[in-house]
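Encoded as structure tokens, the structure appears first; notes follow it.
Numbers restart at 1 for each chain; the letters A, B, ... are given by sequence-line order, proteins then strands.
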There are 2 protein chains.
Amino acid sequence: MPSEPDPKTTSDPNSGVNKLPRPAVGRLSLYFRELHRLADQGETHLNSKQLGALVDVSPAVVRRDLSSLGTIGRRGVGYPIDKLTEQIGAVLGSGLQWQVILVGVGSLGDALLRYRGFERLGFRLVAAFDLDPAKIGKQIGGVSIWNAATMTGKLAELSPDLAILAVPVDQAAFVAADLVAAGVSGILNFAPTTLRLPGSTAVVNVDLASELQRLAFSVQNR
Amino acid sequence: MPSEPDPKTTSDPNSGVNKLPRPAVGRLSLYFRELHRLADQGETHLNSKQLGALVDVSPAVVRRDLSSLGTIGRRGVGYPIDKLTEQIGAVLGSGLQWQVILVGVGSLGDALLRYRGFERLGFRLVAAFDLDPAKIGKQIGGVSIWNAATMTGKLAELSPDLAILAVPVDQAAFVAADLVAAGVSGILNFAPTTLRLPGSTAVVNVDLASELQRLAFSVQNR
């Protein structure tokens, strides 16, 4: 588990939320993103209709999701943005500092190292690994690239919480096994294969071609 | 709508499938990927337990999804891989040729242009657009980069079916409006904002930071 820099914002989330269905977690993450943006714009309150419009879900779904956190909006005033941000952040673990490594610095890995959206959510990329001698020793987005052949030793030193896997599909299972052995708690997998890992390791699979197929399906069926 | 190069494989999908819930569409896409891989390995049949194990869903869910396509496995034999691939492909539109453009050739756009997983699913990247003079006129992954300032004229010439949006968040809504005006049927949006488009345009939003938050949530709650 990651370190807890600030006990106040990382207080144990409400019991019950750990059974949230996957779509609800995805929505909380989107609410969180929009609430941050509104706070940056100086807004202090919003209602379920406004929040729903921002992420394209109905006000009723917003109210149900937020009441599962124990938060109820006040009629005519709505939800206080600061409190709601803190509550959702606690559920999503954004008050924690997650140490993240990336394996596979191809074009997608390169893009992920340059991506600026992770840091402010508490995800710090601490190292990247690749086998290409032309990349080893370089830095991308401020992150050093290490030799993937010596990854195990480096992981023992860093003990990262999470790993992002951006290797070719035929290497994904092997690298994932090394990451599990090194004690990584979760893997975000971009290789187009479904990783099957022991129950102690969480995995989220993102298949970019599959997302394009979902889009094509909805174009065909509207 | 895209062109239909081969009427045989693009025959109208079974009625009823157009009401498939979103998770089911995602699963069909994963089944399709695994079936292709098995066919490449010379396999001819598989059962719901085997297919479920490959994509980490229960055999019962596999059977329900496939029976919604009108396909029932035979006891002791399972499903014929070729027929199943054809049926799922028809539902997902993979027998069609989709003309796709990409807007925003930053590091993520660059990675998407180099990504080799789209073409074999029927998605052909026909043009990319950016405002950076250093990129305009270049090719990445065989795709020419055009001046985004003259995108409207080029879109009228190409009339693409789908667009991939990989622009900064503050430009996403403006570019999306141009794409809708140009008659694009669907947008795959990587900018971290939920696009709200007229009902005639489909949209799938992919937020990379949100996926990492989903992973962190499941690590915290297992």
* Most contacts with chain B, counted as non-hydrogen pairs under 4.5 angstrom, among A:Gly93, A:Ser218, A:Ser107 -> A:Ser107
* To do: Look at A:Leu92, A:Leu28, A:Leu212 and state which one has the largest set of heavy-atom pairs under 4.5 Å with chain B.
  => A:Leu212
* Asked: If you take all heavy atoms of B:Ala209 and A:Leu121, which pair is closest and at what distance?
  -> CB-CD1, 3.5 Å
* Asked: Considering all heavy atoms of both residues, which atom of A:Val91 and which atom of B:Phe217 are nearest to each other, and what is their separation?
  -> O-CD1, 3.3 Å
* Asked: Which bit of B:Val203 is near chain A, if near means a heavy-atom gap under 4.5 Å: side chain, backbone, both or neither?
  -> backbone
* Asked: Of the backbone (N, CA, C, O) and the side chain (C-beta and beyond), which part of B:Thr193 lies under 4.5 Å from a heavy atom of chain A, both, or neither?
  -> both
* Structure fact -> The interface call for B:Leu113 against chain A, heavy-atom contacts under 4.5 Å, is neither
* B:Leu195, B:Ile187, B:Val206: which one forms the most heavy-atom pairs within less than 4.5 Å of chain A? -> B:Ile187
* What part of B:Arg37 lies closer than 4.5 angstrom to a heavy atom of chain A: side chain, backbone, both or neither? -> side chain
* To do: Against chain A, label B:Asp207 side chain, backbone, both or neither, depending on which of its atoms sit under 4.5 Å from a heavy atom there.
  => side chain
* Asked: Heavy-atom distance under 4.5 Å to chain A: side chain of B:Leu162, backbone, both or neither?
  -> side chain
* Atom group of B:Val55 that falls short of 4.5 Å from chain A, counting heavy atoms -> both
* To do: Taking all heavy atoms of A:Val219 and all of B:Trp98, pick out the closest pair and write down the distance.
  => CG1-CZ3, 3.9 Å
* Asked: Can any side-chain N or O of B:Arg196 pair as donor or acceptor with the backbone N or O of A:Ala53 at less than 3.5 Å?
  -> yes
* To do: Pick one of side chain, backbone, both or neither for A:Arg214, based on which atoms fall under 4.5 Å of a heavy atom in chain B.
  => both
* chain B: which of A:Leu30, A:Asp110, A:Leu54 shares the most heavy-atom pairs with it under 4.5 Å? -> A:Leu54
* Structure fact -> Of B:Pro192, B:Gly26, B:Gly117, B:Gly109, the largest count of non-hydrogen pairs under 4.5 angstrom with chain A goes to B:Pro192
* Asked: For the residue pair A:Leu96 and B:Gln220, what are the closest heavy atoms and their distance?
  -> CD1-NE2, 3.4 Å
* Asked: With side chains defined as the heavy atoms from C-beta onward, is the minimum distance between B:Leu208 and A:Leu188 less than 4.5 Å?
  -> no
* **Minimum heavy-atom distance B:Glu34-A:Thr194, with the two atoms named** => OE2-N, 4.2 Å
* Asked: Taking C-beta and beyond as the side chain, do A:Asn205 and B:Asp56 meet within less than 4.5 Å on heavy atoms?
  -> no
